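Just so we're clear, the structure is a prediction, and the values are computed from it rather than from any experiment. Residue numbers count from 1 along this sequence.
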Amino acid sequence: MRATVIAAFFGVFLTCTYTAKEATKKTKKAKLYVPQIDCDVKAGKIINPEFIAKCPPGCQDVKHRVYGTDIYASFSSVCNAAIHSGIIDNTGGKVLVQKVAGHSGYRGSFSNGVRSLSLPRWRESFLVSEGKPRKGVTYPSTLEYSSSKSTAVKSAAFSNVLNFASEPKKPEQDLKGTKSADTANTSEKASDQGDTARKEHRTTPGPTPATEMATTTPTPTTTTTEPSTTVPQPTTTPAAPRTTAAPAKARPGLHRGRDMGSSSVHPAYASVVAAAARQVQAAQGRGQNTAFRGTSTSASDRNILLHNTAMEIDSWKPGLSLFDTGFTSKEELNPKPLEPISQGNQNCKVDLSFLMDGSWSIGKRRFQLQKRFLGNVAQALGIGSAGPLMGIVQYGDDPSTEFNLKTYANSKDLRNAIEKIQQKGGLSNVGKALSFVNKNFFLDANGNRGGAPNVVVVMVDGWPTDRVEEASRLARESGINIFFVTVEAAAQSEKQNVIEPNFVDKAVCRTSGFYSINVPSWFSLHKVVQPLVKRVCDTERLACSKTCLNAADIGFVIDGSSSVGTGNFRTVLQFVANISKEFEISDTDTRIGAVQYTYEQRLEFSFDKYSTKQDVLNAIKRISYWSGGTSTGAAISYASEQLFSKSKPNKRKIMIVITDGRSYDDVSMPAMAAHQNGVIAYSVGVAWAAPDELEAIASDPAKEHSFFVDDFDNLYHYVNQLIQNICTEFNSQPRN
């Protein structure tokens with residue numbers, strides 16, 4: 001009997017031990033699950049600071065851009081960066097990603113079949129290594145994306161709003177507020193009160209965003225939940241009525257808040273918050289003009305104030321990106337839009353800011369005509385998420401953002417919002433407004449998409465009251481294309497009042513008339529809607545702004561072999577001069593150098609030899625024809641050593657190789673070495689040039705970096721195309 005009991009005991013013990021071991025194995029397997037990501041996923045889109053992910057096959061593609069070498073800007077594709085670094089190949093595999101601080105410069109290179117691009121600076125970086133877990137580090141089984149639509153987070157956010165709306169009135173201190181803009185349109189006293197209320201609200205102690213999110217966002221690895229933090233289902237609470245979102249008139253305090261670069265409330269979310277707020281106000285017996293300001297002791301009050309404030313002032317701190325605030329993404333807090341988001345005109349993908357003249361000189365009637373014009377432009381553009389996006393900055397004494405790029409996603413809502421804009425008044429400080437846009441408007445947090453051209457259209461009644469040349473130059477160098485629409489220019493008797501004569505020519509990229517439109521009267525402004533829209537949507541012309549024409553060291557490698565001949569050699573030099581004169585040449589802008597080659601090589605002039613455009617053009621004319629054999633590979637190596645080794649840091653290094661025949665030596669190895677050192681190579685072949693050598697010389701993708709003509713006299717056909725490709729490549733890099 002005792003033996004039977006002991007045997008049964010050991011049987012149960014072994015069974016329990018086996019079950020426990022199996023459970024442990026299952027648990028370990030669950031922890032080691034590696035999530036898969038797509039080829040186009042950028043490191044910056046994933047919130048986790050360190051993670052292991054599995055890349056699929058086929059990520060080695062030029063469309064999955066990579067910026068940097070060894071350490072990559074977070075704007076890069078994770079999987080293609082891993083291929084570039086040699087961690088995985090095009091068959092895919094696991095990769096470990098670690099986020100690190102941003103760098104002031106990223107060096108492009110060609111490695112493992114991937115061409116990475118250079119980038120002057122970026123706010124965040126990442127490292128890639130073999131996809132093995134580090135000791136003591138727990139890796140997530142699901143990745144958090146900054147643009148993901150988390151059901152749990154949305155449910156929690158909605159519950160907080162709905163709970164707050166349905167709570168009975170409590171004997172608490174009244175919420176402080178400011179008068180609406182309707183009842184305090186021009187009163188300085190009301191403005192001061194608005195500023196005071198805003199200041200009190202910002203200095204009131206309260207829960208931090210990270211704390212609040214922690215109570216509503218489940219951690220993927222957590223298996224237990226606290227009953228106290230369980231969120232009730234919103235289906236048990238009467239839903240707030242849905243209304244079409246339209247921005248309320250700006251209160252004085254919030255209007256100044258926009259000056260610092262904060263964003264407007266997302267229309268879809270604003271309607272839900274506003275509806276909930278109206279229910280609470282009705283329950284408490286307060287008027288519709290009461291604003292949600294101040295403090296409250298209940299948890300649901302704190303939640304609704306947190307969400308309302310986060311949407312109004314863009315996570316408290318002007319200019320912050322999603323990486324800085326601690327939020328996963330504001331999109332996670334947004335409900336489903338009331339209407340489908342318009343895709344828009346996909347042939348016109350630009351990020352557009354209108355600088356609206358709100359000065360006193362324009363008057364009320366002409367201000368209304370300006371609003372009608374902007375509404376017609378919005379309609380003609382076809383606003384949408386895959387097409388043009390449009391925001392408006394109004395300027396007078398000081399500029400302020402009326403709404404940014406992500407506020408409205410269709411033309412109808414945008415036109416309605418434009419109609420509600422109130423005139424600011426003041427002087428016509430256009431230069432100040434351009435500086436504001438350059439620093440504050442085209443930020444990721446405000447909806448800037450990176451790959452779309454940034455465009456500013458400046459509306460001017462008469463003439464500016466400050467200088468615009470310097471502010472325009474800095475804006476162009478930041479990647480912004482500037483258009484001017486001037487109405488009713490100064491009369492002859494008024495010209496002595498103009499601070500900066502010819503201000504339009506000083507502000508725009510070219511004086512050809514493409515970037516400027518003058519209208520004799522505000523009443524004929526409607527005639528230029530279509531011409532302006534056509535120019536703004538001409539993305540090929542936009543690419544060649546002064547931005548891309550003043551940021552490179554360009555070295556020409558010129559074939560001087562006997563087969564070229566004296567006459568054709570002069571044609572080649574004219575081709576070189578035609579390209580050079582399009583760039584802004586100085587010590588601080590683009591610099592030009594030249595090498596001529598036969599069997600041997602000769603440095604005609606280096607990057608630091610000439611600092612003006614005219615001096616460079618004169619030097620090109622003076623180059624004498626050498627005559628001899630054709631050693632293109634040796635010439636590329638010579639140019640790398642004599643020209644590009646002395647290139648300035650953070651300057652794009654561009655080599656343009658011109659040849660009329662097959663080389664006597666190998667070109668692929670010297671070209672690859674140049675690519676790996678960050679040189680972007682273009683090949684131009686004439687007559688008997690070998691196509692395979694042209695492709696070997698050219699940077700990837702070869703079809704965008706190599707050209708061929710059958711005769712020297714046809715070289716001029718590729719001047720604009722070459723410049724266009726150089727500019728397009730430059731503008732494909734994201735603005736920081």
Looking only at heavy atoms, what is the nearest atom pair of M356 and K371, with distance?
CE-CG, 3.3 Å

Of all heavy-atom pairs between L405 and L389, which one has the smallest distance, and what is that distance?
CD2-O, 3.5 Å

Atom CZ in R372, atom CD1 in I418: separation rounded to 0.5 Å?
13.0 Å

Considering all heavy atoms of both residues, which atom of M459 and which atom of Y395 are nearest to each other, and what is their separation?
O-OH, 2.5 Å

Does W122 form a ring pair (Phe, Tyr, Trp, His ring centres under 6.0 Å) with Y67? I'd like the steps, not just the answer.
CA-CA 10 Å; W122 195 248; Y67 300 89; 8.0 Å; no

Specify the closest pair of heavy atoms between I654 and I726, including all atoms of both residues, with the distance to one decimal.
CD1-CG2, 3.6 Å

Nearest-0.5 Å distance that lies between atom CG in L369 and atom NE2 in H526:
10.5 Å

Is the ring pair F373/F354 parallel, tilted or perpendicular, if the boundaries are 30 and 60 degrees?
perpendicular

Do S435 and N438 have side-chain N/O donor and acceptor atoms under 3.5 Å apart?
no

Looking at D587 and S611, what are the two nearest heavy atoms and their distance?
OD1-CB, 3.1 Å

More than 12 heavy atoms of other residues, nucleotides or ligands under 6.0 Å from CZ of R366: is that the case?
yes

Interatomic distance, F367 atom CZ to S361 atom OG [nearest 0.5 angstrom]
11.5 Å

Checking side-chain contact (heavy atoms from CB on, under 4.5 Å) between L434 and each of L474, I480, L355, N429, which is the one that passes?
L355

Among all residues two or more places apart in sequence or in another chain, which pass the side-chain contact (heavy atoms from CB on, under 4.5 Å) test with K349?
R449, A452

For a quick test of reading the model, state the closest non-hydrogen atom pair linking D466 to K432 and the distance between them.
OD2-N, 3.0 Å

